[in-house]
Protein chains: 4
Amino acid sequence: MPTGSAEPARAVRQRRKEARPHELLAAALEVFVEKGFATSRSEEVAARAGVSKGTLYLYYPSKEELLKAVIRHYLGEEVRAGALEVARHEDAEPAVLFGVLADWWQRVYDSPASGVFKLIMTEARNFPDISAFYLSEVIEPGSRLIGQMLERGVQRGRLRPMNIESVTHSVILPMVMLCLHKHAVGACMQLPERSFEPAQFIRDHIALVLRGVSVDDSLPK
Amino acid sequence: MPTGSAEPARAVRQRRKEARPHELLAAALEVFVEKGFATSRSEEVAARAGVSKGTLYLYYPSKEELLKAVIRHYLGEEVRAGALEVARHEDAEPAVLFGVLADWWQRVYDSPASGVFKLIMTEARNFPDISAFYLSEVIEPGSRLIGQMLERGVQRGRLRPMNIESVTHSVILPMVMLCLHKHAVGACMQLPERSFEPAQFIRDHIALVLRGVSVDDSLPK
Amino acid sequence: MPTGSAEPARAVRQRRKEARPHELLAAALEVFVEKGFATSRSEEVAARAGVSKGTLYLYYPSKEELLKAVIRHYLGEEVRAGALEVARHEDAEPAVLFGVLADWWQRVYDSPASGVFKLIMTEARNFPDISAFYLSEVIEPGSRLIGQMLERGVQRGRLRPMNIESVTHSVILPMVMLCLHKHAVGACMQLPERSFEPAQFIRDHIALVLRGVSVDDSLPK
Amino acid sequence: MPTGSAEPARAVRQRRKEARPHELLAAALEVFVEKGFATSRSEEVAARAGVSKGTLYLYYPSKEELLKAVIRHYLGEEVRAGALEVARHEDAEPAVLFGVLADWWQRVYDSPASGVFKLIMTEARNFPDISAFYLSEVIEPGSRLIGQMLERGVQRGRLRPMNIESVTHSVILPMVMLCLHKHAVGACMQLPERSFEPAQFIRDHIALVLRGVSVDDSLPK
DNA sequence: CATGAATGAGCATTCATTCAT
DNA sequence: GATGAATGAATGCTCATTCAT
């Protein structure tokens, strides 16, 4: 038996085997966001990843664990990237930092990761693990990051004194909502007439908040 | 023959029959928001309304129709009330109108109706009817109302020229998100330390946006 | 209170009360034949008789008892009538007796009683009472009647010697089958092209059998 | 590595998978005929085929489709076989052809296929598909076959001129009725005293009709 | 490792029957 | 008597999970 043909095959097999978890997570995210966790059939996840039902269970012991893995994977990754980005501009002007923020949201909104927010809102209550993870790995660090950003701006006299908590949420909540909307109503209905432009909204909203918190003489004329 | 004893009995029966739909809708909203539509058992809805499984189906032909009825009932009611409220202050100052808005959101947030927003985000994609209803009965009239409010402010020189669309969403989205959060992560996790106060946030956020769109010299010093 | 208006009302009520059982049986026969016993809803029977669900149970203690009453009523009645008719022509020629038979079948076929045969074939196995009733009240006396008719013809030299049992069934079975067909396939499909005429068939079939059992020289030329 | 132990296992599995549909159809026919379609529990069908509820639905998407498959399978098969048989004797004497007919009916009566006639009478009205199938696949070709047989007999001067339609039905209807009876009254009641012998009846009836339609001088003395 | 046939717990829905009015 | 609201047992069907191949 010639091994010449087997070796590349093994290589491909090897590659597949390593790629599997990612393929499965991607497929699962897609299906879960589309149909909701409870109404998603594990067979469809498997099919969309190009494997059979049985194979899915080789990698994740249950549908629930798969869900948690999806959330951990996609959210952890994006948040870490965002934190690094902000850290790199630590000393920048508020306007610059807000720009970095807008960029990050734009990226998240455009990526599949945006769907994870829908999953969290949908499933958090059924799976407290998810709430805990979301709180400790996303909300907490995210809020701290933005809070520090705002506080530094205040200290430097570029931003007005404010309720840091509230403003932080004023920045974050509409962005999360935008992601949710994209995968909920937005996915099955076209907004009518004067259609809504997410990319524009992200910039506009960040700018609006910036204006709202800036000291008067730093406002753009 | 004294009918005195029969009358109240009939009255009670009658009252129940009329009250049933509302009791069922309330129970359904509760359960659907808590567990998600797909994982809610119709028997639990019935039980929480104090009736048996079968009775539920005497009033709503299917779980799905029950869901739609819940959304139509709670959302329609609140939106109508809000529209009337705003209409009554048609000529008021932007600040006053924003105050009316904040009050309305506060009421919705505190009422069970807040859960409907979670239902919509959760189920819209599976039941396009819901998306259509939400768009035509909530988003459309709500946006128009706020849009007009903003435009009038601009015309009178109290508000800066702005992208009406974006600002409208900047006002609405975080409020919707707040409702969602209340019934998702918020329902099973206590926010830690510097705890988040929704009532405060509603006021702060509305004020922030107001500041962001006001002409400079009308800003509170 | 004037009793003048009450008296006729009582009379009507009385009349209704007495007519009820028949109205219910007629409605039940109709519905049972149409939908099959198991798929018939007792509410529909009641509705078709113009009363409410509850009233039905005032007259018959269960759906099953209603079924048995239907069969007993319609079948007993027709068979008794047929027996009398035949008895009245006891001494007639075979040809005349066969004519009486054809007339009886024609009447049964045209009346709602035809449906009872479907009910029996459909439900006999689930309710052995029905089989027993059918056997003892219909098959037994009917066969005996026809058997005697044939035997007398043989004794008088008008009919050939034959297997009485078989011929009896040759007479009866297609007639029963005709009734069944009327309420089964015949009720939801039109026979195509050279359409089948039941009235004609009844005559033809009886004639065919008569010819088959007649002594050669009594055959119509 | 010896594959000797793996092969039979796969073979068994394979064999089961191929055999399943037939096993299920056989079990379904049995149960449906016994209890009636509506009162048959799909779980019992599965159990009688030796599999679990879920497996049934792996092969047939619903109880209704299973019913149609049963009818199509059993009836189609038998009718095709009968047609071939008759075709093979195309030029034979009427008496021979009638013998072939009697044989076919005897086979059908003895086989489980006889139950299908009960199913058709029972369910046709609830499922018009079944009526259509029965008409086009059984009644139509069957009648044509017998009609041609009779016509050829007339042309050759062996049979009297007759109403072909009626005689065709005189041949068929009692046979169908016999099948019905076997699974209805016959299945739960023993005919008393001078017991009825189906095999004898089939021969006798065919002979009776043959005698009824033969030209006088060809009648058996 | 991968497959997909088989399983059976779980749930929506129906409807005969009851009973307060 | 008559009504129809309420009940809950019964059953079709789905789908996560297992395991023999």
Side-chain angles (χ1 to χ4, degrees), chain A residues 13-14 16-17 20 38-47 50-64 66, chain B residues 3 5-14 16-17 20 38-46 50-64 66, chain C residues 13-14 16-17 20 38-47 50-64 66, chain D residues 3 5-14 16-17 20 38-46 50-64 66:
Chain A
R13 175 90 83 100
Q14 201 60 31
R16 293 311 304 260
K17 196 178 133 191
R20 276 288 148 73
T39 27
S40 293
R41 307 177 17 174
S42 51
E43 190 160 18
E44 182 166 1
V45 172
V51 299
S52 77
K53 227 179 342 170
T55 303
L56 176 59
Y57 284 85
L58 247 35
Y59 292 87
Y60 299 94
S62 74
K63 204 178 142 188
E64 189 178 327
L66 176 59
Chain B
T3 54
S5 64
E7 290 249 292
R10 171 188 300 274
V12 166
R13 177 84 85 101
Q14 205 60 33
R16 292 316 299 266
K17 199 194 156 186
R20 277 287 143 74
T39 28
S40 294
R41 298 159 12 115
S42 52
E43 190 159 17
E44 179 165 2
V45 172
V51 299
S52 78
K53 223 177 350 162
T55 302
L56 173 60
Y57 285 87
L58 242 39
Y59 293 88
Y60 299 94
S62 73
K63 204 178 138 188
E64 190 178 328
L66 177 59
Chain C
R13 175 90 82 105
Q14 202 59 34
R16 293 311 305 260
K17 196 179 136 188
R20 277 288 149 75
T39 28
S40 292
R41 307 178 16 175
S42 52
E43 189 159 18
E44 181 165 2
V45 172
V51 300
S52 78
K53 227 177 344 167
T55 303
L56 176 61
Y57 283 85
L58 246 36
Y59 292 87
Y60 299 95
S62 73
K63 204 178 140 188
E64 189 178 327
L66 177 59
Chain D
T3 53
S5 63
E7 290 247 294
R10 172 188 298 273
V12 166
R13 176 84 85 101
Q14 204 59 32
R16 296 312 301 263
K17 199 194 156 185
R20 277 287 142 74
T39 27
S40 293
R41 299 163 6 118
S42 53
E43 190 160 17
E44 179 164 2
V45 172
V51 299
S52 78
K53 220 181 346 163
T55 302
L56 174 60
Y57 286 87
L58 241 40
Y59 293 88
Y60 299 94
S62 73
K63 205 178 138 187
E64 190 179 326
L66 177 60

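Proteins come first, then strands; the chains are lettered A, B, ... in the order of their sequence lines, and each starts at number 1.
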Distance test, side-chain N/O of B/Ser42 to OP1/OP2 of E/dA12, below 4.0 Å: yes
Distance below 4.0 Å between B/Lys53 side-chain N/O and F/dG8 OP1 or OP2: no
For D/Ala38 against C/Ala38, the heavy-atom pair lying closest together: CB-CB, 3.6 Å
5'-to-3' dot-bracket of DNA chain E (Watson-Crick, G-U; under 3.5 angstrom; crossing pairs as [ ]; | other strand): .||||||||||||||||||||
Those residues that, when tested against D/Lys63, pass side chain to side chain contact (heavy atoms under 4.5 Å, CB included) (two or more places apart): D/Phe32, D/Phe37
Touch class at under 4.0 angstrom, heavy-atom based, for A/Ser40 against every strand present: sugar-phosphate
Among E/dT17, F/dA6, F/dG4, the one nearest C/Ser52 by side-chain distance: F/dG4
Which atom of B/Ser42 lies closest to which atom of B/Tyr57, heavy atoms considered: OG-OH, 3.5 Å
From F/dT7, E/dA12, E/dG8, nucleotide with atom closest to B/Lys63 side chain: E/dA12
Distance in Å, B/Lys53 NZ paired with B/Thr55 OG1, rounded so as to fall on 0.5 Å steps: 11.0 Å
Spatial distance of atom CG (B/Leu56) from atom OH (B/Tyr60) [nearest 0.5 Å]: 9.0 Å
Protein-nucleotide distance (D/Arg20, atom CZ; E/dT7, atom C1'), rounded to Å: 11 Å
B/Leu58 vs D/Gly50, nearer the 5' end of DNA chain E by closest nucleotide: D/Gly50
Nearest-nucleotide 5' precedence on DNA chain F, C/Leu56 against D/Glu64: C/Leu56
Spacing between A/Glu43 atom CD and F/dT18 atom C1', to the nearest angstrom: 14 Å
C/Tyr59 side chain near F/dA2 phosphate (N/O to OP1/OP2, under 4.0 Å): yes
D/Val51 or B/Arg41, whichever maps to the more 5' nucleotide of DNA chain E: D/Val51
Residue met sooner reading DNA chain F from 5', once A/Pro61 and D/Tyr57 are mapped to nucleotides: D/Tyr57
Below 4.0 Å: OP1/OP2 of E/dA6 and any side-chain N or O of D/Thr55: no
